Amino acid sequence: MTDVIATLQNSAIGLALGGLDPAFGIGAQLLHISGLLLLLTPLLLLNLQLLGVRLSSFPLQQWAQQSQFYQWLGVSFLLLSGLFMWLPSATLYQPNPAFNLKIAVFILVLPLHFWWLRFLSSQPITPGWYSKSLATLNLALWSLVALAGRAIGYVAA
Amino acid sequence: MTIEALLQAMYDSPLGTGLAESLLLYPLVEGTHLLSLTLSFGLIVLVDLHLAGIALKSQHAAQLLSQLRPLLWLGFSVTFITGILLVFASGPDLVANFAFPSKVAAIIIALVNAAWFEWRYGRQISQWPEQRHYPTGVRLAAGISLIAWSSALVLGRLIPYLDSGVPV
């Protein structure tokens with residue numbers, strides 16, 4: 001695994017990205033935050049309703065359908081900017097426990113998230129223990145992804 | 001008391017020192033600051049885009065604002081409190097960092113703009129008929145809000161990259 005990561009880092013793309021002006025790194029971080037906001041803000045409006053907050057301006061099924069594009073856009077921003085930041089320093093990230101936690105939870109939450117979004121889009125939901133549990137789980141996992149991401153810089157590999 | 005002295009006193013306080021030296025607490029506060037942006041910045045963008053006539057066109061501003069206001073207040077409270085905690089842990093060098101005073105200025109512009117909007121239009125919103133185009137002043141306030149809050153976000157992200165005004 002270490003060899004594969006080192007090869008990726010030393011690939012032409014990895015080296016080219018690593019040689020870019022630091023302004024591109026800042027741009028990638030801003031894109032990463034924009035992605036997070038595009039994904040999590042519509043998601044919050046969905047999950048908060050399932051947890052009992054009344055938001056009639058955002059009817060569940062309709063909002064789930066309308067916000068899908070923005071949530072996909074958010075995930076694309078996250079992946080693109082994440083790759084941009086990771087590739088030039090992949091071997092530094094690899095032993096970092098916060099990074100590994102972030103990636104593990106991200107891989108877990110992503111299919112769950114889009115399954116959940118499809119489910120909410122496809123039928124009217126009456127909030128109950130089942131939807132409340134999934135809404136809580138979804139919010140908790142995404143929060144963990146964000147918190148682990150912030151911790152990367154502070155946790156020694 | 002100068003701003004540097006105030007920041008030094010904050011940094012030297014048990015709270016400032018504790019935060020700066022904590023391996024767990026500081027990233028947790030920073031992460032919470034980031035997450036709270038989904039409620040504060042994310043929702044303000046949604047409201048501003050609606051007022052500018054771009055998003056949620058079928059909604060009425062009065063209903064939208066009345067529903068989102070409690071969440072916005074919650075989001076801004078968490079963002080503000082965690083932001084102050086981050087300042088406690090940063091020390092007096094923060095003033096010399098171009099991005100920090102610029103971020104504070106952007107936040108002040110955004111807050112003055114929001115106060116002006118509430119003062120000028122706050123009581124009228126519920127009387128507005130269903131319409132796709134709000135008055136020019138409303139759209140202007142929405143545009144200023146979008147620019148000011150986005151600038152605050154970008155400048156906040158720049159803080160760690162700028163050391164005494166010199167890009168690293």
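Predicted model only: the values in this text are computed from it and were never measured. In what follows, chains are A, B, ... by sequence order, proteins preceding strands, each numbered from 1. Heavy atoms only: backbone and side chains are in, while hydrogens, waters and symmetry mates are out.
Residue Y121(B) places its OH atom among more than 12 non-hydrogen atoms of other residues, nucleotides or ligands, all under 6.0 Å distant.
Here the two rings, on H32(A) and F84(A), have centers that are 6.0 Å apart or farther. Aromatic rings from F80(B) and F76(B) are positioned such that their centres are separated by 6.0 Å or more.
For residues 110-125 of chain A, an interface with chain B (any heavy-atom pair closer than 4.5 Å) does not exist. Residues of residues 19-33 of chain B placed with any heavy atom under 4.5 Å of a heavy atom in chain A are listed by number as L23(B), Y26(B), P27(B), L28(B), E30(B), G31(B), T32(B).
Of the atoms belonging to L35(B), it is side-chain heavy atoms, and not backbone ones, that fall under 4.5 Å from chain A. Looking at S34(A), neither its backbone nor its side chain comes within 4.5 Å of chain B, counting heavy atoms on both sides. In this structure, the portion of L48(A) lying under 4.5 Å from any heavy atom of chain B is its side chain and not its backbone. The parts of L55(A) that come within reach of chain B are both its backbone and its side chain, each placing non-hydrogen atoms under 4.5 angstrom from that chain.
In terms of heavy-atom pairs under 4.5 Å with chain B, the best-connected choice from A146(A), A148(A), A151(A), S143(A) is S143(A). Chosen from L68(B), L71(B), T38(B), the residue pairing most often with chain A at heavy-atom distances under 4.5 Å is T38(B).
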Starting from the C-alpha separation in whole Å, work towards a yes-or-no answer on side chain to side chain donor-acceptor pair (under 3.5 Å) for S56(A) and Q67(B).
CA-CA 8 Å; S56(A) 59; Q67(B) 287 184 3; 2.5 Å; yes

Worked check of side-chain contact (heavy atoms from CB on, under 4.5 Å) between L46(B) and L45(A):
CA-CA 11 Å; L46(B) 212 56; L45(A) 293 174; 3.6 Å; yes

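With 3.5 Å as the limit, one finds no donor-acceptor pair spanning the side chains of Q9(A) and S89(A). Side-chain contact check for N113(B) and S145(B): no donor-acceptor pair (N or O, by modelled atom type) lies under 3.5 Å.
Summarising the geometry of T91(A) relative to A6(A), their closest heavy-atom pair is CG2-CA, 3.8 Å, with the distance given to 0.1 Å.
No option in L46(A), L43(A), L50(A) other than L43(A) meets the side-chain contact (heavy atoms from CB on, under 4.5 Å) test with N138(A).
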